Protein chains: 2
Amino acid sequence: MKLGEGVEAAIHCAATLASVDGNSTMPGAALAESFGLSPSYLLKHLNMLTASGILESVPGPAGGYRLARAAERITLLDIVLAIEGREPAFRCGEIRRNGPVKIDASAYVKPCGINAAMLKAERAYRAALAEVKLSDIVADYAAEGDPRSFAASCAFVERHQRRQKPSSTNQA
Amino acid sequence: MKLGEGVEAAIHCAATLASVDGNSTMPGAALAESFGLSPSYLLKHLNMLTASGILESVPGPAGGYRLARAAERITLLDIVLAIEGREPAFRCGEIRRNGPVKIDASAYVKPCGINAAMLKAERAYRAALAEVKLSDIVADYAAEGDPRSFAASCAFVERHQRRQKPSSTNQA
DNA sequence: GCAGACCTACTCGGATATCCGTTGTCCGAGTTCACTTGG
DNA sequence: CCAAGTGAACTCGGACAACGGATATCCGAGTAGGTCTGC
């Protein structure tokens with residue numbers, strides 16, 4: 001029962017990316033600098049978020065990352081599952097079958113009650129995470145957080161975000 | 001977000017121990033055999049349960065393990081915390097402070113909103129586990145489980161449990 | 001002056017080492033039962 | 001015949017390796033922009 005450190009980094013990065021303009025991007029190196037993390041390692045987590053469809057990546061000198069959809073449609077559960085994997089934490093190994101007395105498989109058609117209880121608890125965990133949207137995190141930070149810290153974050157984002165083809169043909 | 005294998009073993013062993021008589025004990029080797037586990041490794045987990053006050057251990061040839069209190073007063077949460085540790089799965093590293101712009105510590109008196117959301121979800125998880133008592137697991141197993149498997153388990157327990165005050169040396 | 005091609009710089013992405021935790025195993029401390037032996 | 005001492009066997013407990021995954025790092029593929037050259 002231990003979450004990797006990447007989860008915290010991923011959520012912070014996603015919250016930061018929620019503050020960038022429409023289709024602008026922010027390089028991974030800037031995000032790493034923003035939190036004092038290793039750029040090379042953060043790339044791995046950002047890549048996982050991209051693979052899960054939470055972020056979009058743009059290559060090239062003016063490239064970077066941006067949210068793949070609105071912050072209101074991204075929950076903490078999405079990010080946690082993207083980093084930690086979608087399979088449940090408790091995996092029933094069916095050790096009840098491994099005893100010395102071998103019984104026919106028909107005796108185990110019913111799912112293990114222990115497994116059911118553990119999965120039920122995990123559903124509660126995931127439900128609680130699914131209720132928190134990324135926009136809630138940002139709004140809470142803007143409202144409850146210290147104004148100095150919030151202003152510094154906004155300035156950092158403004159300084160490092162890169163606009164994607166401001167007057168190009170592909171503009172919707 | 002991954003629980004160790006020992007959690008499943010610990011819950012199964014605790015449920016098995018709930019079926020032994022009042023102050024009788026069952027050796028760890030018998031429990032390991034009951035689930036096809038490594039005896040040496042299971043001892044480590046049983047020892048953790050003992051250290052947490054869930055089990056009691058009796059040394060000596062007629063020794064073994066037994067529940068330290070009634071099965072109605074043992075929850076799945078107790079067992080999970082005993083094996084996995086009591087600290088929460090999400091540990092806020094306060095990476096928001098590690099940015100390039102150093103801000104006075106007074107800006108971070110408020111707890112991190114992300115940390116609050118993650119801990120809230122974990123409280124829901126633990127609350128769900130705390131609602132399931134070990135006696136519920138046993139009762140569900142007796143009621144819903146296959147009669148053959150249940151009978152085999154009872155026979156196994158009956159064959160391996162050791163009474164602490166043997167008044168008769170009747171052994172098959 | 002302008003268009004095209006080339007070159008550079010910057011980005012992400014995956015492949016590669018390193019470190020820590022869980023897994024798995026072993027041997028030692030302690031206790032109770034059974035046997036032996038002396039009264 | 002009975003009781004105390006002795007030995008042994010069985011138990012738990014903690015200390016000692018081995019594997020796997022998370023952590024951390026580096027180098028390569030790809031792209032956009034800037035620059036140079038020819039027209």
Side-chain angles (χ1 to χ4, degrees), chain A residues 1-10 13 17 24-33 36-52 55-66 83-85 87 89 91 93 95 160-170, chain B residues 1-10 13 17 24-33 36-52 55-66 83-85 87 89 91 93 95 160-169 171:
Chain A
M1 193 60 181
K2 191 178 64 175
L3 277 71
E5 295 193 9
V7 174
E8 184 182 8
C13 288
L17 289 174
S24 298
T25 62
M26 194 166 171
L31 288 168
E33 183 188 1
L37 300 173
S38 167
S40 304
Y41 187 38
L42 184 62
L43 264 288
K44 177 185 284 287
H45 295 311
L46 294 175
N47 192 12
M48 289 180 180
L49 293 178
T50 304
S52 298
L55 299 185
E56 281 179 352
S57 66
V58 177
Y65 292 94
R66 71 183 156 210
I83 301 296
E84 294 289 325
E87 56 193 55
R91 299 144 296 163
I95 62 174
H160 285 281
Q161 70 178 354
R162 311 282 174 80
R163 287 189 171 76
Q164 295 299 311
K165 297 183 178 180
S167 61
S168 177
T169 59
N170 188 8
Chain B
M1 194 60 185
K2 193 180 62 174
L3 275 72
E5 299 256 340
V7 174
E8 183 182 8
C13 288
L17 289 174
S24 298
T25 62
M26 195 168 169
L31 289 168
E33 184 189 0
L37 300 173
S38 168
S40 304
Y41 187 37
L42 185 63
L43 263 288
K44 180 186 282 285
H45 296 311
L46 293 175
N47 192 11
M48 289 179 180
L49 293 177
T50 304
S52 298
L55 300 185
E56 282 179 352
S57 67
V58 176
Y65 292 94
R66 70 183 157 210
I83 300 295
E84 293 289 324
E87 57 193 54
R91 298 144 295 164
I95 62 174
H160 284 282
Q161 69 179 355
R162 310 284 175 80
R163 291 192 168 73
Q164 292 305 303
K165 291 181 180 178
S167 57
S168 66
T169 62
Q171 182 69 18

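Residue numbers start from 1 in every chain, and the chains themselves are labelled A, B, ... in the order their sequence lines are given, proteins ahead of strands. Atoms considered below: every heavy atom in the structure, side chains included; atoms not considered: hydrogens, waters and symmetry mates. Please read all numbers here as calculations on a predicted model, not as lab measurements.
Spacing between atom CD1 of A:Ile83 and atom C1' of D:dG21 amounts to 15 Å, rounded to whole angstrom units. Atom CG of B:Leu17 is separated from atom P of D:dC12 by 11 Å (rounded to the nearest Å). C:dC12 atom P lies 13 Å from atom CG of A:Leu49, rounded to whole Å. Spacing between atom CD of B:Gln161 and atom P of D:dT11 amounts to 15 Å, rounded to whole angstrom units. A:Leu46 has its CG atom 12 Å from the C1' atom of C:dG13, to the nearest Å. In this structure, A:Arg66 places its CZ atom 16 Å from P of C:dT11, rounding to the nearest Å. Separating the OH atom of B:Tyr41 from the C1' atom of D:dG20 is a distance of 12 Å, rounded to the nearest angstrom. Rounding to whole angstrom units, CD of residue A:Glu5 and C1' of C:dG21 are separated by 13 Å.
Nearest nucleotide to the B:His45 side chain, out of D:dC12, C:dT23, D:dT31: C:dT23. The side chain of B:Pro61 sits closest to D:dC10 out of D:dC10, C:dC12, C:dC10. In the set C:dT25, D:dG13, C:dG13, C:dG13 carries the atom at the smallest distance from any side-chain atom of A:Leu43. Side-chain atoms of B:Thr50 lie closest to D:dG13 of the nucleotides D:dA24, C:dC12, D:dG13. In the set C:dG14, C:dG24, D:dA32, C:dG14 carries the atom at the smallest distance from any side-chain atom of A:Asn47. Comparing C:dC12, D:dG13, C:dT23 by their nearest atom to the side chain of B:Ser57 picks out D:dG13. When each of C:dT25, D:dC12, C:dT11 is scored by its nearest atom to the side-chain atoms of B:Ser38, the top-ranked nucleotide is C:dT25.
Two residues, A:Gly60 and A:Lys44, neighbour DNA chain D, and the one matched to the more 5' nucleotide by heavy-atom proximity is A:Lys44. Each of A:Gly4 and B:Gly63 lies near DNA chain D, and the nucleotide nearest B:Gly63 is the one positioned closer to the 5' end. Between B:Gly6 and A:Ser40, it is A:Ser40 whose nearest contact on DNA chain C lies nearer the 5' terminus.
Closest heavy-atom contact between B:His45 and B:Gly6: NE2-CA, 3.3 Å. Minimum heavy-atom separation, A:Cys13 to A:Leu46: CB-CD2, 4.1 Å.
For D:dT11, the OP1/OP2 oxygens have a side-chain nitrogen or oxygen of B:Arg162 closer than 4.0 Å.
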Evaluation steps, side-chain contact (heavy atoms from CB on, under 4.5 Å), between B:Leu31 and B:Leu17: CA-CA 9 Å; B:Leu31 289 168; B:Leu17 289 174; 4.2 Å; yes

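For the pair B:Arg91 (side chain) and A:Leu3 (backbone), a donor-acceptor distance under 3.5 Å is present. Under the 3.5 Å distance criterion, the side-chain polar atoms of A:Glu84 are matched with a main-chain donor or acceptor of B:Met1.
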